Amino acid sequence: MRVATLGYQTWGHRTLQALLDSKHEVVLAITHPKSDHAYERMWADSVADLAAEHGVPVHIANKPDEDFKAALKQADPDIIVANNWRTWLPRDVFDAPRYGTLNIHDSLLPKYTGFSPLIWALINGEPEVGLTAHLMDEELDAGDIILQRSTPVGPKDTVTDLFHRTVDMIGPITVDALDLIESGRTDWTPQDRSQATFFHKRAAEDSRIDWTWPAEAIERLVRAQSDPYPNAFTHFKGQRIRVLESSVSKGCYGGTPGRVFIHEGDGMVIVAGPDAWSGRNRGLSIERVRLDDGTEMTGKEFFPHGGGYLS
């Protein structure tokens with residue numbers, strides 16, 4: 001089939017590479033311009049550079065304006081394949097090719113539509129994450145499902161681990177979904193939209209630790225903000241500290257959320273939880289931190305004794 005791609009960053013790059021390695025003909029690559037947004041500077045393999053290296057026409061756009069539509073019309077694809085395209089597409093774009101538009105989304109839809117699904121899924125303690133290949137319609141990430149592939153989430157997995165595992169799944173699910181479409185099948189699985197959850201883009205404030213959360217959720221937040229993502233952070237005596245490693249405390253500790261309390265091993269336990277006053281909550285043991293100047297320390301080194309509050 002003649003394929004046009006809409007893609008950005010490493011997700012779009014992997015999709016384009018898989019198509020270039022397949023039997024299909026890539027006739028156009030549309031991608032976004034480079035961005036200074038923290039979440040767009042990482043995993044930033046260039047779709048435009050890869051396309052140019054293989055002689056594929058490239059169009060740079062933020063949204064589907066008239067030039068975008070003209071480039072797509074001239075390319076005359078049988079299908080569009082999208083991955084990490086970050087602006088809304090109207091029907092006259094996604095429905096124009098003979099087979100419509102195939103979107104690759106990095107969640108197990110209908111859960112985690114929208115942005116940063118791996119981060120939100122890890123924070124929420126999901127047992128697995130994965131990819132969905134679905135046909136695009138007018139509602140975000142809502143079209144019929146062609147294929148899904150999943151991978152389990154381990155108790156120590158970081159979002160970086162999950163990124164690498166799921167990004168390696170992009171090529172196979174893209175090519176397999178195209179083969180199913182080309183075969184003439186149309187018996188796709190409609191999404192149960194009553195089960196859909198929709199998440200916003202992440203910003204710096206979303207990495208700030210809220211000590212009224214249960215320690216288990218904060219520990220997952222720390223793993224969900226592993227390097228190179230912006231780390232989970234808190235403040236102590238006016239100084240920002242990034243929490244790189246943590247665990248749920250062995251003991252239960254009571255008091256006020258955010259209280260710097262007691263050492264456990266190389267960590268310092270912080271009182272946490274929605275009813276910390278009850279003494280029935282586990283705390284969060286901070287085991288490794290990074291300061292704004294890049295210095296890294298164990299929790300025990302940074303907090304030589306208890307006392308004071310994190311905010």
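Keep in mind that this is a model prediction, so the values were computed, not measured. Count residues from 1 along the sequence.
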ask   = Using 4.0 Å as the upper bound for N to carboxylate O, is an ion pair formed by Asp206 and Lys201?
value = no
Within the 6.0 Å centroid threshold, strictly below: Phe163 and Trp11 = yes
message = Test of understanding: clusters of I, L, V, M, F, W, Y form through side-chain heavy atoms closer than 4.5 Å, transitively. Do Val248 and Trp213 belong to the same one?
response = no
query = CD1 of Ile79 to CZ of Arg2: how many Å apart, nearest 0.5 Å?
reply = 13.5 Å
request  = Using salt bridge (charged side-chain N to carboxylate O under 4.0 Å, His left out) as the criterion, list what pairs up with Asp21, not counting sequence neighbours.
outcome  = none
query = Is Arg242 positioned over the aromatic face of Phe233, cation under 6.0 angstrom from the ring centre and no more than 45 degrees off axis?
reply = no
request  = Begin from the C-alpha positions of Asp168 and Arg149 and carry the test salt bridge (Lys or Arg N to Asp or Glu O under 4.0 Å) through to its verdict.
outcome  = CA-CA 11 Å; Asp168 286 343; Arg149 302 273 167 80; over 6 Å; no
query = Does a side-chain N-to-carboxylate-O contact under 4.0 Å join Asp157 and Arg220?
reply = no
request  = Pick out which of Asn84, Leu131, Asp106, Leu16 makes a side chain to side chain contact (heavy atoms under 4.5 Å, CB included) with Ile170.
outcome  = Leu131
inquiry  = Is the shortest side-chain heavy-atom distance between Asp275 and Arg280 below 4.5 Å?
reply    = yes
message = List the residues meeting ring-ring contact (aromatic ring centres under 6.0 Å, His included) with Phe199, not counting sequence neighbours, and say none if there are none.
response = Tyr112, Trp120
inquiry  = Can a side-chain donor-acceptor contact be found between Thr151 and Glu128 if the only test is distance below 3.5 angstrom?
reply    = no
message = Strictly below 4.0 Å, N to O, side chains only: are Lys300 and Asp266 in salt-bridge contact?
response = no
query = Using a distance-only test with no angle check, is there a side-chain donor-acceptor pair under 3.5 angstrom linking Thr132 and Gln148?
reply = yes
request  = Could you pull out all residues at least two apart from Ser311 that satisfy side chain to side chain contact (heavy atoms under 4.5 Å, CB included)?
outcome  = His235
remark   = Hits for side-chain hydrogen bond (donor to acceptor under 3.5 Å, both in side chains) against Arg98, two or more places apart or cross-chain, chain-then-number order -> none
request  = Using a strict 4.0 Å threshold on nitrogen-to-oxygen distance, state whether Arg41 and Asp36 make a salt bridge.
outcome  = no
inquiry  = Check Arg193 with Glu139, please: is the shortest side-chain N to carboxylate O separation under 4.0 Å?
reply    = yes
message = Tell me every residue that passes ring-ring contact (aromatic ring centres under 6.0 Å, His included) with Phe303, counting only those two or more places apart in sequence or in another chain.
response = Phe236
key: Pair Arg14, Gln9: side-chain N/O donor-acceptor within cut-off below 3.5 Å   = no
key: Partner residues of Thr10 under the side-chain hydrogen bond (donor to acceptor under 3.5 Å, both in side chains) criterion, sequence neighbours left out   = Asp45
Ile80-Ile60 co-clustered via ILVMFWY side chain contacts under 4.5 Å = no
ask   = When the aromatic ring centroids of Trp43 and His164 are compared, is their separation below 6.0 Å?
value = yes
query = Run the side-chain contact (heavy atoms from CB on, under 4.5 Å) check on Thr174 and Leu19 step by step: do they pass?
reply = CA-CA 8 Å; Thr174 300; Leu19 292 168; 4.1 Å; yes
ask   = Between Glu287 and Ser247, does a side-chain contact (heavy atoms from CB on, under 4.5 Å) hold up when you go through it step by step?
value = CA-CA 7 Å; Glu287 295 167 347; Ser247 63; 2.6 Å; yes
inquiry  = I'd like to know if Arg86 and Glu40 make a salt bridge, using a cut-off of under 4.0 Å between side-chain N and carboxylate O.
reply    = yes
key: Gap between atom CZ of Phe68 and atom NZ of Lys63 - 0.5 Å precision   = 12.0 Å
inquiry  = Using the rule given for side-chain contact (heavy atoms from CB on, under 4.5 Å), can you reason through Thr5 versus Ile30, listing the C-alpha separation, both sets of side-chain angles and the distance that settles it, and then say yes or no?
reply    = CA-CA 6 Å; Thr5 67; Ile30 303 179; over 6 Å; no
